[in-house]
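A quick write-up on the structure given underneath.
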Amino acid sequence: MLSRLTRPKAVAVCAVPVVALLATAVFAPLPFSLAQPGLTANVLGENKGDPVITISGAPTRKTSGELRMTTIEATGPDAKVSLGDVVSAWFATDKAVMPRDSVYPSGGSVKEIERHNANEMKESQDNATEAALGYLHEKGDVKVTLKLADVGGPSAGLLFSLGIVDKLDGDGSGGDLTGGRVVAGTGTIDADGKVGAVGGVSLKTQAARRDGATVFLVPKAECSDAKAELPKGLRLIPVTDLEGAVNSLVSLEKGKGSVPSC
């Protein structure tokens, strides 16, 4: 025979499974990665003691200013992210909650993901070299070596190409593409020089400004994302291809012509 519960007792009994579910949700791992502004690296300079860009077969220029590629730093593919972690990051301006599959689309083990990212970086470097040499109409005897330690993925492609152009040709009339500024940016690039979108742009703008950049080149399709948490003192320039990026920097350097904005 079942006894009838009073209302307070009934509420208390019902609350037990609810509390248990909430506790499980708070501590259970979720399929998200937490990201924050990562390192930046000047592709015109050195990274961990080695030049990022080495060119042989053609004379190179001594450059001034900086061209900084940007990154985000994300929790590892095997990290456990709880609801509490997600809620905390959601309200922070210097953190982002991203689906794990968007950060690590290849899946697999940590080692497999590292190999995937390394392969994407190698392909990005090859495309960046081909795009830059094609833009400059350089012959095949020019050899470019790109080296950037501890960074994977394709999003440095645009900055690699700009670095090659600056070292070989500058602004085309003896000056630097940077105009002596710290210029940062992000974007994939294909062999024809087309710039593609990347992830985590609002975090990359923060990394760029932290490291002294005053100009940020962003894939045009991601202008709205870049403006979401735009740091004060950082100018956005949207780009769709390598030629447009070079033209924008030359116009900015010389103070002539129009410079697009988001």
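Predicted model only: the values in this text are computed from it and were never measured.
- Results of the side-chain hydrogen bond (donor to acceptor under 3.5 Å, both in side chains) test with K204 over T186, T70, T71 single out T186 as the only residue that passes.
- Of all non-hydrogen atoms in P231 and Q206, the two that sit nearest each other are CG-CA, 3.8 Å.
- V43 is connected to L136 through a chain of hydrophobic side-chain contacts under 4.5 Å among Ile, Leu, Val, Met, Phe, Trp and Tyr, so both are in one cluster.
- For the residue pair K167 / T60, no side-chain donor-acceptor distance below 3.5 Å is found, with atom types taken as modelled.
- For the pair V215/L236, no side-chain contact is recorded, criterion being any heavy-atom separation below 4.5 Å from C-beta on.
- T188 pairs in a side chain to side chain contact (heavy atoms under 4.5 Å, CB included) with only one of the listed residues (P219, S124, P154), which is P154.
- Rounding to the nearest 0.5 Å gives a distance of 10.0 Å between CD of Q36 and CD1 of I72.
- Nearest heavy-atom pair, A128 versus F160, reported as atom, atom and distance to 0.1 Å: CB-CB, 3.6 Å.
- Summarising the geometry, atom OG1 belonging to T63 is positioned 7.5 Å from atom CG belonging to N42; distances are rounded to the nearest 0.5 Å.
- S64 and D176 form a side-chain donor-acceptor contact under 3.5 Å, judged by distance and modelled atom types alone.
- At distances below 3.5 Å, at least one donor-acceptor pair connects side-chain atoms of N119 with backbone N or O atoms of R115.
- A distance of 12.5 Å separates CD1 in I189 from OG in S155, rounded to the nearest 0.5 Å.
- Applying the side chain to side chain contact (heavy atoms under 4.5 Å, CB included) test between E66 and each of V182, T178, D211 identifies V182 as the sole match.
- M121 and V198 are not part of a single hydrophobic cluster, where members link through side-chain heavy atoms under 4.5 Å apart.
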Legend entry - Verdict with supporting geometry, L168 and L133, side-chain contact (heavy atoms from CB on, under 4.5 Å): CA-CA 9 Å; L168 287 172; L133 296 182; 3.9 Å; yes
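- Although no hydrogens or angles enter the test, the distance criterion places no donor-acceptor pair under 3.5 Å between the side chain of R181 and the main chain of G65.
- Applying the salt bridge (charged side-chain N to carboxylate O under 4.0 Å, His left out) test to residues at least two apart or on different chains, none of the pairs has a partner in residues 221-244.
- No continuous path of hydrophobic side-chain contacts links L217 to V201 [ILVMFWY only; heavy atoms under 4.5 Å].
- A distance-only check finds a donor-acceptor pair linking the side chain of D190 to the backbone of D192 [under 3.5 Å].
- With rounding to the nearest 0.5 angstrom, the CG atom of L44 is 4.5 Å from the CG atom of L67.
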Inset, instruction - Would you sort out whether V218 and I237 count as a side-chain contact (heavy atoms from CB on, under 4.5 Å), showing the intermediate values? - result: CA-CA 6 Å; V218 61; I237 298 180; over 6 Å; no
Inset, instruction - Go through the steps for K254 and D171 under the test side-chain contact (heavy atoms from CB on, under 4.5 Å), then give the verdict. - result: CA-CA 9 Å; K254 295 181 179 297; D171 66 358; 3.3 Å; yes
Legend entry - Full working for side-chain contact (heavy atoms from CB on, under 4.5 Å) between V144 and Q125: CA-CA 9 Å; V144 178; Q125 292 173 339; over 6 Å; no
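- No donor-acceptor pair under 3.5 Å is formed between the side chain of R210 and the backbone N or O of T205.
- A pairwise comparison of heavy atoms in S248 and V259 identifies O-CG2, 3.9 Å as the closest pair.
- The environment of E138 atom CD is dense: over 12 non-hydrogen atoms of other residues, nucleotides or ligands sit within 6.0 angstrom.
- Separating the CD1 atom in I53 from the OG1 atom in T145 is a distance of 10.5 Å, to the nearest 0.5 Å.
- Note that the OH atom of Y135 and the CD1 atom of I164 stand 13.5 Å from one another [nearest 0.5 Å].
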